[in-house]
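Chain letters run A, B, ... following the sequence lines, proteins first and then strands; every chain starts at 1.
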Amino acid sequence: MRRRDKLRTKKEITNVAGEEFLKQGFLEASTIRIAERAEVAHGTIFFHFPTKADLIIACLYERLGKLAIKLDLRSRKTTNIRYLCRIFLDGIEKNSAFYSRLIKDLPLLPIEIQRMVFASLSAFSVHFVKVIKKAQDTGKVRKFQPKIAVFYLFGMVNYLYSYKQLLGTDKLRRKDKEEIIDFFINSLKK
Amino acid sequence: MQDQQSQKSCIVCGMPLLKDEDYPEGADQNSTDWCKHCGSKDGLKSYSEAVTGMSGFMQHTQGMSEEEAQKAAKQVIDNCPAVKSGRMKKDE
């Protein structure tokens, strides 16, 4: 019973924190306000999440953890980079408000928080690196450091979601997304 | 990514332990809560090996600089369940 209460409290804090991060931004969101809204003592936040970085990462996983697992499982069975790109773009789109806010605020956060969040984002990039490496080994893709492709892919996605409103990112049609993916894939080919 | 829910994940790097191939070779999955990158069937890697390994991983997958990857890896590992519970000693 106590373990279930702890898990429930943790989930409630994560949900509320996610909403506050969206509304106030990652820098401005206050753990005091999160505690009030989650109806817990302020100290309870730090019991479950010793630092703000832990709370941000918990929210990131809450919203995007399933996407990371989906990329993981698919990347084991395929060398189809296009397919992974589609999964990634669709997953980010479903959480576009959160992702937009995160990538806009991340450079403003203390470097210690940036490091932890960046480290967590390896949970996405590793699967692209894996699949690109497999495609290189089978001769489908030219030889280069796979992380360079990650720079381009994430750079492109982050651009789309940093300027979501200006670019109308949420209104991109399937055809537009496929063209974006085509461009990326063609840049990898021999 | 550290798991916050019931999904089993590595107590060092947070990698979800989804399939047999994620565990160290020969490990008893019921009693092993680390991945093949963070230990063997006989136990966890040392703290310095874990930091070095994770630093390399971040450089390779995220393009982080060596200096920042080392700092990030140390931060992640210092906060991981394995270190916090004392199962991985920081001064090893």
Side-chain angles (χ1 to χ4, degrees), chain A residues 3-4 7 10-11 13-15 17 48-51 53-73 76-77 110-130 132-133 145-155, chain B residues 1-23 25 33-38 47 50-86 88 90:
Chain A
R3 179 172 154 79
R4 201 160 58 234
L7 285 174
K10 212 171 172 181
K11 191 161 169 61
I13 292 170
T14 313
N15 285 343
H48 290 288
F49 305 102
T51 66
D54 292 318
L55 190 48
I56 292 171
I57 288 161
C59 292
L60 180 63
Y61 190 78
E62 176 71 26
R63 279 154 178 76
L64 294 168
K66 284 189 182 133
L67 174 59
I69 289 175
K70 198 170 178 183
L71 286 170
D72 184 348
L73 291 172
R76 296 176 198 230
K77 299 180 197 169
I111 189 67
E112 293 77 16
I113 297 183
Q114 289 187 49
R115 284 189 197 119
M116 294 289 278
V117 174
F118 216 74
S120 292
L121 294 173
S122 294
F124 301 101
S125 58
V126 62
H127 308 301
F128 286 98
V129 166
K130 229 180 348 185
I132 288 169
K133 185 77 181 54
Q145 292 181 81
K147 69 182 183 189
I148 306 293
V150 168
F151 290 164
Y152 276 85
L153 179 64
F154 278 67
Chain B
M1 189 180 279
Q2 294 292 341
D3 177 43
Q4 303 295 329
Q5 299 165 359
S6 57
Q7 169 69 55
K8 193 174 176 191
S9 54
C10 175
I11 55 168
V12 181
C13 68
M15 171 180 138
L17 298 169
L18 300 169
K19 303 225 171 204
D20 294 349
E21 69 220 49
D22 297 332
Y23 291 87
E25 201 175 321
D33 47 9
W34 58 86
C35 72
K36 62 186 176 188
H37 305 291
C38 295
Y47 174 82
V51 169
T52 302
M54 187 173 283
S55 170
F57 173 77
M58 288 183 204
Q59 289 176 64
H60 181 61
T61 60
Q62 290 269 74
M64 287 177 86
S65 71
E66 187 179 346
E67 183 185 347
E68 283 298 324
Q70 191 73 7
K71 287 179 183 170
K74 195 167 177 313
Q75 256 183 257
V76 170
I77 303 229
D78 283 356
N79 287 290
C80 76
V83 167
K84 284 187 161 174
S85 65
M88 178 182 277
K90 274 178 71 169

Are more than 12 heavy atoms from other residues, nucleotides or ligands located less than 6.0 Å from atom [atom1] of [X]?
X: Glu25(B); atom1: CD; value: no
X: Lys70(A); atom1: NZ; value: no
X: Lys66(A); atom1: NZ; value: no
X: Phe151(A); atom1: CZ; value: yes

Locate the shortest heavy-atom distance separating [X] from [Y]; write the atom from each residue and the value.
X: Met58(B); Y: Ala119(A); result: CE-CB, 3.4 Å
X: Ser122(A); Y: Gln62(B); result: OG-CG, 3.1 Å
X: Lys147(A); Y: Gly63(B); result: CD-CA, 3.5 Å
X: Val129(A); Y: Thr61(B); result: CG2-CA, 3.9 Å

By a 4.5 Å heavy-atom criterion (distance strictly below it), what part of Glu112(A) contacts chain B: side chain, backbone, both, or neither?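 Both backbone and side chain of Glu112(A) come within 4.5 Å of chain B.
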Could you look at Phe128(A) and say if it's the side chain, the backbone, both or neither that has a heavy atom under 4.5 Å from chain B?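 For Phe128(A), no heavy atom lies under 4.5 Å from chain B.
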For the pair Asp22(B) and Arg76(A), find out whether any cationic side-chain nitrogen is under 4.0 Å from an anionic carboxylate oxygen.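 Between Arg76(A) and Asp22(B) there is a salt bridge, with a charged N closer than 4.0 Å to a carboxylate O.
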Which atoms of Lys74(B) approach chain A - backbone, side chain, both or neither, heavy atom under 4.5 Å: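 The answer is neither part of Lys74(B).
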Is Gln59(B) in contact with chain A via its backbone, its side chain, both, or neither, using a 4.5 Å heavy-atom distance?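 Backbone of Gln59(B) only, per the 4.5 Å heavy-atom cut-off to chain A.
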Are the side chains of Met15(B) and Val126(A) in touch, meaning some heavy atoms are under 4.5 Å apart?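 Result no, sub-4.5 Å side-chain heavy-atom pair not found.
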Find the one option among Lys19(B), Met64(B), Lys71(B) whose heavy-atom pairs under 4.5 Å with chain A are most numerous.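 With the most close heavy-atom pairs to chain A, the winner is Lys71(B).
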